Amino acid sequence: MAPPGPGRCYIPYQWNTFSRRAGRCPRRPPRQLPTASRKRGFFVSGGVMDDRYDPKPIEERWQRVWEDARAFHVDNPPDPAHADRSRKTYVLEMWPYPSGTLHMGHVLVYTIGDVLARFRRRTGWHVLRPMGFDSFGLPAENAAIREGGHPRQIVERNIAHIRREMTRMGWAIDWDREVSAHEPDYYRWTQWLFLKLYEAGLAYRKSAPVKWCPNDQTVVANEQVKDGRCERCGAEVISRNLEQWFFRTTAYADELLGDLREIDWQDRIKSMQRNWIGRSEGAELLFRIEELDEDVPVFTTRPDTLFGATFFVLAPEHPLVERLIEGSPNADELRDYVGRAAVKRGEERAAAEEKTGVFTGYFATNPANENRIPIWVADYVLMDYGTGAIMAVPAHDERDHAFAEEYELPIVQVVAPAGAEDASVEGAYVAHSENEVLVNSAQFSGMTSPEAKRAIVDWLGDRGRGRPAISFRLRDWGFSRQRYWGCPIPIVYCDRDGIVPVPEDQLPVELPDIDDYLPKGKAPLASAEDWVNVECPRCGGPARREVETMDTFVDSSWYFLRFCDPHNDRAPFDRPIVDYWNPVDQYVGGVDHATMHLIYARFFIKALNDLGLVGFREPFAALFSNGWVQLGATKMSKSKGNALGPDELIEAYGADAVRLYILFIGPADQDMEWTEGGIEGITRFIRRLWRIVSEAAGSSPRGDVPANELSRKAHETIARVTDDLGRRQSFNTAISAVMELLNALARAGVQDPAARFAAETAVSLIQPYAPHVAEELWERLGHERLWEQPWPEADETQLQRETFELVVQVNGKVRDRFEVDVGLSEEELVARATASPKVQAHLNGATIRKTVVVPRKLVNIVVN
RNA sequence: GCCGGGAUGGCGGAACUGGUCAGACGCGCCCGACUUAAAAUCGGGUGGCCCGUCAGGGUCGUGCGGGUUCGAGUCCCGCUCCCGGCACCA
């Protein structure tokens, strides 16, 4: 099938082949009972026509019932500080951005959360499962610019639509707790929390080069840049220096890394965070520049190669470069080089085929051997990693080696493979074997590399020229955005008092209505003169408000706390309530937030914990990261414009089918492909369930359930589904298990003494996935309110079998299998096994060397 | 380059701690029932090769090559390819 065009659903409505409403066929004859089926007794007497499974009325009916019953509302405990937390569970999916409609990625995430929440409710947990919207951010503002209207109107219209879609999906949400980022009741507290972080020194302002999108006229975060282009609009990003607000995420770098050990997240997500944080151990060493009377620190992971440092390199942005230019014989060339490096993008610098640099004319003193080595400025050294200066060891670093070759700088080997100390090494010798030994390194020669690292740092430390150091790739989080549709930063700038926080009692600093959101190189809010000009809260003099707004990742760094106490107007939340529900027991969301959102939220919680506002240090105890839902070979996402929405699928197949299928495609943590054949198949399953259970409701025997094959299958299914949902989070296999049970029921027939029990079990177990049809069938079976019935329990005694199928192997190959009593001893099992004629045929008189007995499974006879 | 994940029928996948002939469940396909016909529905079949008229039996088979073990899709060693993250990060 050709990929769908932009914005078009690829499922035509006429594929709806079973909904009477859409699929009316004038030639369809009056429906007859299929005689074969009637013989088997599958149909309730009195009219198959009226009893076809039709999802629409069923789903609408039960959604109404749940709403009237406030079925998914959950109260906070009356005394959360002393409440028993042992049966609470907080199930949360990532805060959705309210774009026009939901797509299948949303359907997957929220169905996973829904199944878990519904399952946990029925297993006796006190379940918090809220919903709201991450409603600030660029798309709404761009839509307002494009189509007119206010971003608020656009966002609120979208929210209303999505809320309706979510209800139609049958997701069990406590809507009383709905919270959205753009509501003043919410962002008031975002501002309040910002002020707390500011007071604690965790939010600060500094001039920094930032990525700037000339199209969106805004700062974009490093992680929103892909291949040098703006992730949203695709324009090429340039570098600009601006005064920016930052959160001091690096203050928690070590802890953000270390605490990954304590949380139950998939390895791939943890690994992404580890890469992102990028910790490396090494040393900071001081090189002296005599002419400037400066000691310049460098960071290195290879202090053992210090004797091989033959030159010294500063990043073009290094603060000392200015002073070096002044006295340099190469001043003009240097100035030119630094100027060109400044406008280059980082990607260009990295992609450069050959390394470039300019000699400054100055020398630095190697603290190990007092050698004076030339100081170069080169753009392969980055200002924002380490100290922006390096000692170059061309013999043992590929980049330094390339540079030394280019400019014919000396290369001195100081590490060699043990036993080959005299052999010269081509290129940069960077082998990380256990057997590296130092050479040409004074008293350290002969030591292994690891020994020498410690010894050299200790030796320099004694003389005040070095110390162990750890460097991180993680940067502080720049959260200033020069856009309108975001949370205003509650700061004013006073000529006399400088940066002044807005007093708490004046919050929220409301986002004013303005006429023109179009950025013109300055933030749109700057044009709201009445709003910008204020009295300084401190001195009463003239002052101006901060016109930048916050990155939306600030909003989403604490929303899960507000859900716990959403209507609090005295504080963002009460700590005992938040401490009762948190940390989130089960978070669900896509890998696309593996680094940004999940790092920022973790940072926020650590900071809030240090401020005494919350009593925990990790926000999300367990994380389920779902895979992508793909349509053909194309990823489904709103940016690609090929989103396939749930609305038309619900029309065609019903919400229960959509819910079941999205989880049946494959393991939910792996990428999956949506196919229409697949959802047809799952629809067949629902119709089969409908027909067989309806029949069982009418004609299956009542009374005690005997222990027979069907009842045992039912109990086995209970055990499997419970384990799949509770421990394994294996959603697709649980559906398979219920299908097997239904097949067994169909085979046994509805007259089987255990048929009613099997039918009830199937309906009960499928309820988290297909709550509407399950509720309807539950009613037919003569019960009510399945959503609050206790989850079935497998009867252990029913799971015990009196016999089992003994597998007999000869030399590891299966030669026979037969039923035997479970009570037989090993000797008896071996006797029965060897007695088998089929086994005898393979033994063929050979000598039995050994027998292996696996209890309740097999006997393996080993012959020569 | 470093780190993480993965490879099983025509397809999506199952096999959870090494142990019941690997392939559950579903899709697709084939055959049959019902039908004037089709759809829907229902029943049956469906890894390859070989032997056999049938019944049945043999043999190979979980990306590739080795190994451990009575027994390997599962564990170990060495590869190939695919997906993702990080990357002039010193």
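Because the structure is predicted, anything quoted here is derived from the model rather than measured. A note on names: the letters A, B, ... follow the listed sequences, proteins ahead of strands, and every chain is numbered from 1.
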> So A:Ser730 and A:Asp724, side chain to side chain donor-acceptor pair (under 3.5 Å) or not? Walk me through it.
Replying inline: CA-CA 5 Å; A:Ser730 174; A:Asp724 281 351; 4.6 Å; no
> Under 4.0 angstrom, heavy atoms only, what part of the nucleic acid is A:Lys270 near: base, sugar-phosphate, or nothing?
Replying inline: nothing
>> Counting only heavy atoms from other residues, nucleotides and ligands, does the tally under 6.0 Å from CD of A:Glu406 exceed 12?
In response: yes
> How would you label the contact of A:Arg856 with the nucleic acid (heavy atoms, under 4.0 Å): base, sugar-phosphate, or nothing?
Replying inline: nothing
> What about A:Arg475, does its side chain sit under 3.5 Å from the base of B:C89 through a donor-acceptor pair?
Replying inline: yes
> Nearest to the side chain of A:Met272, which nucleotide is it out of B:A15, B:C25, B:G85?
Replying inline: B:G85
> Hey, is the main chain of A:Gly812 close enough, under 3.5 Å, to the side chain of A:Asn860 for a donor-acceptor pair?
Replying inline: yes
> Does B:G9 fall in syn (glycosidic angle within 90° of 0) or anti?
Replying inline: syn
> Do the side chains of A:Leu108 and A:Met672 get nearer than 4.5 Å, heavy atoms only?
Replying inline: yes
> Rounded to the Å, how far apart are A:Phe685 CZ and B:G12 P?
Replying inline: 22 Å
>> Given B:A90, B:C86, B:U41, identify the nucleotide with an atom nearest to the side chain of A:Arg473.
In response: B:C86
> Does OP1 or OP2 of B:G6 have a side-chain N or O of A:Arg268 closer than 4.0 Å?
Replying inline: no
>> The side chain of A:Asp267 is closest to which nucleotide in this list: B:G12, B:C88, B:G4?
In response: B:G4
>> Of the options B:C70, B:C25, B:U41, whose atoms approach the side-chain atoms of A:Val852 most closely?
In response: B:C70
> Considering only the C1' atoms, how many Å lie between B:G44 and B:G48, rounded to the nearest integer?
Replying inline: 22 Å
>> Strictly by Watson-Crick or wobble contacts shorter than 3.5 Å, is anything paired with B:A7, and which nucleotide is it?
In response: B:U80
> Rounded to the nearest Å, what distance is computed from the CH2 atom of residue A:Trp628 to the C1' atom of nucleotide B:G85?
Replying inline: 14 Å
>> Rounded to whole Å, how long is the line connecting atom NZ of A:Lys813 with atom C1' of B:G58?
In response: 10 Å
> RNA chain B: A:Leu858 or A:Tyr380, which has the more 5' nearest nucleotide?
Replying inline: A:Leu858
> How are the rings of A:Trp376 and A:Phe403 set to each other: parallel, tilted or perpendicular (split at 30° and 60°)?
Replying inline: perpendicular
>> Taking any heavy-atom pair under 4.0 Å as a contact, classify A:Val313: base, sugar-phosphate, or nothing.
In response: nothing
> Which whole-number value in Å describes the distance from A:Trp276 CH2 to B:C89 P?
Replying inline: 16 Å
> Of all the nucleotides listed (B:C16, B:A90, B:C25), which has the minimum atom distance to the side chain of A:Arg728?
Replying inline: B:C16
> Tell me: CZ of A:Arg302 to P of B:A90, nearest whole Å?
Replying inline: 12 Å
> A:Ser736 and A:Thr733: side-chain donor and acceptor closer than 3.5 Å?
Replying inline: no
> If you check every side-chain atom of A:Ser271, which of B:C3, B:C42, B:G19 has the closest atom?
Replying inline: B:C3
> Rounding to the closest angstrom, what is the interatomic distance between B:C50 and B:A14 at atom C1'?
Replying inline: 29 Å
>> Is there, by distance only and without an angle test, a donor paired with an acceptor across the side chain of A:Arg274 and the base of B:C86 below 3.5 Å?
In response: no
> Looking across every strand, which nucleic acid part, if any, lies under 4.0 Å from A:Asp724 by heavy atom: base, sugar-phosphate, or nothing?
Replying inline: nothing
>> What verdict does the ring pair (Phe, Tyr, Trp, His ring centres under 6.0 Å) test give for A:Phe664 and A:Tyr769, after you've listed the backbone C-alpha separation in whole Å, the side-chain angles of each residue and the deciding distance to 0.1 Å?
In response: CA-CA 10 Å; A:Phe664 185 67; A:Tyr769 292 87; 9.6 Å; no
> Counting any heavy atom closer than 4.0 Å, what does A:Asn743 reach on the DNA or RNA strands: base, sugar-phosphate only, or nothing?
Replying inline: sugar-phosphate
>> Using 30° and 60° as the class boundaries, would you call the ring planes of A:Trp674 and A:Tyr661 parallel, tilted or perpendicular?
In response: perpendicular
>> Partner lookup for B:G61, please. Criteria are Watson-Crick or G-U wobble with both distances under 3.5 angstrom; report none if nothing qualifies.
In response: none
> With a non-hydrogen cut-off below 4.0 angstrom, is A:Ser280 in contact with a base, only sugar-phosphate, or nothing?
Replying inline: sugar-phosphate
>> If I take atom CD1 in residue A:Ile665 and atom P in nucleotide B:G26, what distance separates them, rounded to the nearest angstrom?
In response: 16 Å
> CD of A:Gln751: more than 12 outside heavy atoms within 6.0 angstrom?
Replying inline: yes
> Roughly how many Å is it from CZ in A:Phe731 to P in B:G13, rounded to a whole number?
Replying inline: 17 Å
> B:G26, B:A15, B:G4: which one has an atom nearest the side-chain heavy atoms of A:Phe664?
Replying inline: B:G26
>> Students often get this wrong, so: under 4.0 angstrom with heavy atoms, is A:Gln273 touching a base, only sugar-phosphate, or nothing?
In response: nothing
> Which whole-number value in Å describes the distance from A:Glu680 CD to B:A39 P?
Replying inline: 14 Å
> What nucleotide, of B:A90, B:C3, B:C70, holds the atom closest to the side chain of A:Asn275?
Replying inline: B:C3
> Given the P atoms of B:C83 and B:G26, what is the spacing between them in whole Å?
Replying inline: 32 Å
> Within less than 4.0 Å of OP1 or OP2 of B:U69, is there a side-chain N or O belonging to A:Lys850?
Replying inline: no
> Which nucleotide sits closest to the side chain of A:Pro667: B:C70, B:G13, B:C3?
Replying inline: B:G13
>> My understanding is that a pair needs two contacts under 3.5 Å, Watson-Crick or G-U wobble. By that rule, which nucleotide pairs with B:C54?
In response: none
>> Return the pairing partner of B:C21 with a 3.5 Å limit on both distances, Watson-Crick or G-U wobble; otherwise return none.
In response: none
> With both distances under 3.5 Å as the test, what is the Watson-Crick or G-U wobble partner of B:A87?
Replying inline: none
> If pairing requires Watson-Crick or G-U wobble contacts with both distances under 3.5 Å, which nucleotide is the partner of B:U46?
Replying inline: B:G28
>> Check this one for me: any side-chain N or O of A:Arg815 less than 4.0 Å away from OP1 or OP2 of B:G58?
In response: yes
>> Here's a test of your reading of the structure: between A:Arg720 and A:Phe299, which maps to the more 5' nucleotide of RNA chain B?
In response: A:Arg720
> Hey, does A:Gly681 reach any base, or is it just sugar-phosphate, or nothing, if we go heavy atoms under 4.0 Å?
Replying inline: sugar-phosphate
>> The side chain of A:Arg687 is closest to which nucleotide in this list: B:U20, B:A40, B:C25?
In response: B:A40
>> Whether A:Arg52 contacts B:A40 is assessed here as follows: a side-chain N or O lying under 4.0 Å from the phosphate OP1 or OP2. Is that the case?
In response: no
